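A quick write-up on the structure given underneath.
Keep in mind that this is a model prediction, so the values were computed, not measured.
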Amino acid sequence: MESQGTVETINRHKPLGLSDGQVIDMYRYMQLGRKYDERSLLLQRAGKINFHVSGIGQEAAQVAAAFALDRENDYFLPYYRDYAFVLSVGMTTRELMLSVFAKAEDPNSGGRQMPGHFGSKRLRIVTGSSPVTTQVPHAVGFALAAKMQKKKFVSFVTFGEGSSNQGDFHEACNFAGVNKLPVIIFCQNNQYAISVPAHKQLGGKVSDRALGYGFPGVRVDGNDPLEVYRVVKEARERALAGEGPTLIEAMMYRLSPHSTSDNDLAYRTKEEVDANWAKDGIAAFRTYLTELGLWSDEQEHDLAAEYNLELKAAIEYAENAPFPKPEDTLLHVYSESDLKGGA
């Protein structure tokens with residue numbers, strides 16, 4: 001009778017150049033994004049904030065992409081579900097809570113914009129606007145600036161698969177392809193454009209659309225952070241080598257409703273959602289780290305306690321922070337000379 005020993009987990013991160021410490025940090029950011037998201041949903045249900053757009057189920061790909069980029073030099077144009085991404089590149093839970101509570105200290109917009117419209121000059125996060133997909137041509141513009149000024153940075157832009165059907169996406173891809181610009185165009189295909197499933201909005205793969213614009217398109221499992229890291233890192237190397245853009249389609253699933261004003265079970269079944277919870281990238285990555293001896297139940301318990309305290313402090317600060325003053329309404333809308341009646 002043959003002995004059935006345990007199968008040893010293969011270390012997949014070291015061949016990618018990632019240290020044990022880096023993959024642990026990646027997991028920590030995934031969990032921070034998830035905990036922030038869950039807490040914001042509770043705050044909305046409790047009537048303390050007005051609105052929340054969830055990114056639950058998309059954290060693994062977001063964090064992996066952030067770690068594959070140069071977080072000291074690259075420019076980022078995220079979309080409204082990218083909490084785990086912006087946390088990974090340096091935003092804090094306090095800053096995000098100031099945004100959802102619409103307080104004057106909110107670094108994104110001073111409490112003026114809907115939550116999820118990230119912006120930070122300090123972190124090179126470019127302010128997004130409300131119409132979907134407009135961030136894609138903006139990212140191409142930053143990439144054009146990098147090429148014109150001969151600077152070694154790339155721009156990285158994210159969006160959902162629904163946005164890939166908008167004209168902004170196609171015009172940006174065409175311009176980026178013609179000019180071989182250093183931009184990474186990262187589609188988070190979460191299977192739903194609000195209530196419209198992918199099979200009713202896409203006639204093929206998003207990644208295949210890159211072919212028409214003369215640059216590579218890659219489809220990757222968005223629940224596998226190490227594979228996402230590899231693909232984004234290779235895309236960045238291509239961009240810096242002058243080889244132009246890459247379109248990446250990360251396949252994932254939106255595990256939560258589109259927003260707090262959405263009843264997702266009106267257009268999908270609980271069985272479908274539950275089946276995708278079983279594929280959750282965070283849970284799979286925790287298993288990977290645990291099997292390598294890099295993570296334990298004790299560490300998980302300590303991390304949860306740490307993040308509970310951090311989020312509690314962030315919420316208390318944001319709740320007690322002042323709202324914008326009515327007289328500040330026109331700040332940053334008009335130039336100082338306009339306000340003073342100048343030419």
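- Between H13 and Y288, the ring planes are perpendicular. Angles over 60° get that label, and only those under 30° would be called parallel.
- In this structure, S155 contributes its side chain and A139 its backbone to a donor-acceptor pair below 3.5 Å.
- Remark: the backbone N or O of M114 is paired with a side-chain donor or acceptor of H117 at under 3.5 angstrom.
- N189 and R254 are not linked by any side-chain donor-acceptor pair at a separation below 3.5 angstrom, with hydrogens and angles left out of the test.
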Which is it for S164 and E161 under the side chain to side chain donor-acceptor pair (under 3.5 Å) test, yes or no, and what are the steps along the way? CA-CA 5 Å; S164 72; E161 82 287 348; over 6 Å; no

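- Between the side chain of E59 and the main chain of G57, a donor-acceptor pair closer than 3.5 Å is present.
- Here the side chains of M97 and Y317 are not in contact, with every heavy-atom distance at 4.5 Å or above.
- Residue V196 comes nearest to Q201 through the heavy atom pair O-NE2, 3.1 Å, listed as atom of the first residue, atom of the second, then distance.
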When you look at F175 and L144, which way does the side chain to side chain contact (heavy atoms under 4.5 Å, CB included) test go after all the steps? CA-CA 10 Å; F175 191 87; L144 178 62; 4.0 Å; yes

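- A salt bridge links R230 to E234: at least one charged side-chain nitrogen sits closer than 4.0 Å to a carboxylate oxygen.
- Listed for the K152 side chain is a donor-acceptor partner under 3.5 Å among the backbone atoms of L240.
- The main-chain N or O of R81 is found under 3.5 Å from a side-chain atom of Q62 such that the two form a donor-acceptor pair.
- Ion pairing between a basic and an acidic side chain is recognised when a charged N comes within 4.0 Å of a carboxylate O; E300 and R286 show such pairing.
- Ring geometry for Y27 against W295 counts as perpendicular: the plane angle is over 60°, on a 0 to 90° scale with 30° as the lower cut.
- Ring geometry for Y36 versus H52: interplanar angle over 60°, hence perpendicular rather than tilted (30 to 60°).
- Among F159, Y79, F186, the single residue meeting the ring pair (Phe, Tyr, Trp, His ring centres under 6.0 Å) criterion with F169 is F159.
- Between R122 and E95, at least one side-chain nitrogen of the basic residue sits less than 4.0 Å from a carboxylate oxygen of the acidic one, meeting the salt-bridge criterion.
- The backbone N or O of S163 sits nowhere less than 3.5 Å from a side-chain atom of Q166 that would complete a donor-acceptor pair.
- No continuous path of hydrophobic side-chain contacts links F118 to V126 [ILVMFWY only; heavy atoms under 4.5 Å].
- Using modelled atom types and a 3.5 Å distance limit, the side chains of Q191 and N276 yield no donor-acceptor pair.
- Side chain of N108 to main chain of G119: a donor-acceptor pair is present (N/O by atom type, distance under 3.5 Å, no hydrogens or angles).
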What do the steps show when you test R236 against D74 for side chain to side chain contact (heavy atoms under 4.5 Å, CB included), and what is the final call? CA-CA 10 Å; R236 186 174 188 277; D74 292 340; 2.7 Å; yes

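- The existence of a salt bridge linking D224 and K279 is excluded, since no basic side-chain nitrogen approaches an acidic carboxylate oxygen closer than 4.0 Å.
- In the hydrophobic clustering of ILVMFWY residues, with side-chain heavy atoms under 4.5 Å counting as a link, F85 and I125 come out together.
- Within the 3.5 Å criterion, the main-chain N or O of L311 finds no donor-acceptor partner in the side chain of R39.
- F76 and F156 have their aromatic ring centers separated by at least 6.0 angstrom.
- The backbone N or O of L181 lies less than 3.5 Å from no partner atom in the side chain of N179, so there is not a single donor-acceptor pair.
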E249/V220 under side chain to side chain contact (heavy atoms under 4.5 Å, CB included): CA gap, chis, key distance, verdict: CA-CA 6 Å; E249 181 185 14; V220 63; over 6 Å; no

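- Counting only distance, with no hydrogens or angles, the side chain of D37 and the backbone of G33 share no donor-acceptor pair below 3.5 Å.
- Using cut-offs of 30° and 60° on the angle between ring planes, the pair Y267 and Y192 is tilted.
- More than 12 non-hydrogen atoms from other residues, nucleotides or ligands lie less than 6.0 angstrom from NZ of K147.
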Trace of the side chain to side chain contact (heavy atoms under 4.5 Å, CB included) decision for L226 with L16: CA-CA 8 Å; L226 297 179; L16 298 175; 4.0 Å; yes

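- Q58 and N190 share a donor-acceptor pair across their side chains, judged by distance under 3.5 Å alone.
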